2 protein chains.
Amino acid sequence: MKFSKKSEYGLRALLELCETYGGRVLQRHEIAERQNIPVEFLEQILLALKRAGLLASRRGVRGGYSLIKSPEEITLGQVIRILDGPLAPISCVSKTAYQKCADCPYAAKPSCPLQQAMGEVRDAIANILDHYTLSRFAHSK
Amino acid sequence: MKFSKKSEYGLRALLELCETYGGRVLQRHEIAERQNIPVEFLEQILLALKRAGLLASRRGVRGGYSLIKSPEEITLGQVIRILDGPLAPISCVSKTAYQKCADCPYAAKPSCPLQQAMGEVRDAIANILDHYTLSRFAHSK
DNA sequence: ATTTTGTCTAGTGAGTTGCTCAAGTTTTTG
DNA sequence: CAAAAACTTGAGCAACTCACTAGACAAAAT
């Protein structure tokens with residue numbers, strides 16, 4: 001029941017990018033050094049965030065990455081879903097990636113005790129993470 | 001961010017055991033068949049729950065497993081922690097298995113933004129699962 | 001043109017997950 | 001007492017995931 005390093009690194013990288021939001025771009029090695037993240041691994045993370053539309057990048061000599069949305073518009077939930085997949089603790093209660101469980105005898109949706117309990121957990125997690133913006137995140141430092 | 005099959009199977013097995021609580025014992029193959037769980041795998045799970053003090057077992061011809069505590073005393077949180085480890089989404093916010101993060105630059109505890117956010121998530125999860133008893137679980141069927 | 005950056009794809013070692021197998025040990029019952 | 005029925009223990013294994021590495025390539029600036 002853990003988040004991956006990917007999410008953790010991703011959030012820490014975004015923290016750096018929040019600080020220069022509106023100003024200059026940050027290069028991968030700058031972020032990597034400040035946040036103590038292996039630079040090639042960080043790159044994959046930044047690319048994923050870019051493909052998801054959170055970051056812009058410029059190649060070449062004065063290149064680097066920058067936030068493309070304002071920190072108020074980005075939630076921790078978005079970031080974690082991009083890097084780690086759905087928040088739901090079992091896939092039959094996921095709202096973003098629902099899959100019915102093959103082997104469960106309580107196949108019918110409304111009567112599964114597991115779904116009831118796990119649904120509550122899912123909602124609680126999503127409620128926090130989907131309302132926690134990067135700006136609030138960065139300021140809680 | 002998922003729970004393992006182990007937890008899922010474990011909870012479903014306990015559901016069966018709740019129904020015969022106070023009455024007869026259930027054999028592994030009975031539970032396995034009703035809940036559609038590979039029997040040898042289920043066994044490992046039942047053993048873990050037994051070692052943790054939730055189940056009793058009897059060997060031999062009329063043997064089987066039974067709940068040793070009442071369904072009101074067992075919470076989903078307990079079960080999941082036994083089978084899946086700590087609930088916390090990152091280990092630096094775990095109350096049952098705290099470990100400080102080695103590489104995080106915000107090493108000092110009160111000022112880490114990640115800890116703040118993840119701590120809230122941990123509390124929300126624990127709040128639900130540590131108050132969700134097996135009896136409530138079984139009755140929500 | 002060369003250097004400096006990001007982009008993309010693939011690979012890899014360690015660990016985990018989900019499950020199986022085989023050889024026990026204990027208890028009941030015929 | 002013997003045999004069958006159950007749980008017990010421990011090892012093993014294929015597939016997958018995680019965290020990370022490597023290398024070839026593309027674009028931008030000087």
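Every chain is numbered from 1, with letters handed out A, B, ... down the list of sequences. Because the structure is predicted, anything quoted here is derived from the model rather than measured.
Looking only at distances, a side-chain donor or acceptor of A:Glu73 sits under 3.5 Å from a matching main-chain atom of A:Ser70. Distance alone, capped at 3.5 Å, places no donor-acceptor pair between the B:Asn36 side chain and the A:Cys104 backbone.
A:Met1 places none of its side-chain heavy atoms less than 4.5 Å from the side chain of B:Pro86. Residues B:Leu67 and B:Leu14 meet the side-chain proximity criterion, which asks for heavy atoms closer than 4.5 Å.
The number of heavy-atom neighbours closer than 6.0 Å to NZ of A:Lys5, taken from other residues, nucleotides and ligands shown, is above 12.
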Which pairs of donor and acceptor atoms, one on a side chain in residues 48-65 of chain B, lie under 3.5 Å apart (sequence neighbours left out)?
unit_1, atom_1, unit_2, atom_2, d
B:Lys50, NZ, B:Ser57, OG, 3.1
B:Arg58, NH2, B:Arg62, O, 3.2

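Defined by atom type and a distance below 3.5 Å, a donor-acceptor pair is missing between the side-chain atoms of A:Tyr9 and A:Gln44.
Neither OP1 nor OP2 of D:dA6 sits under 4.0 Å from any side-chain N or O of B:Ser57.
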How does protein contact run along nucleotides 18-25 of chain D, one letter per nucleotide 5' to 3', with B for base contact, S for sugar-phosphate only, - for none, heavy atoms under 4.0 Å? -SBB----
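Nucleotides of DNA chain C with any atom under 4.0 Å from a heavy atom of chain B span, from 5' to 3', C:dG18 to C:dT29.
Where A:Arg62 and A:Arg51 meet DNA chain C, the nucleotide closest to each residue was compared, and A:Arg62 sits on the side nearer the 5' end.
The residues B:Arg24 and B:Glu19 are annotated as not salt-bridged, no charged nitrogen and carboxylate oxygen being separated by less than 4.0 angstrom.
Among the protein residues, A:Lys50 comes within range of the sugar-phosphate backbone only, with heavy atoms under 4.0 Å from sugar or phosphate atoms but none that close to a base.
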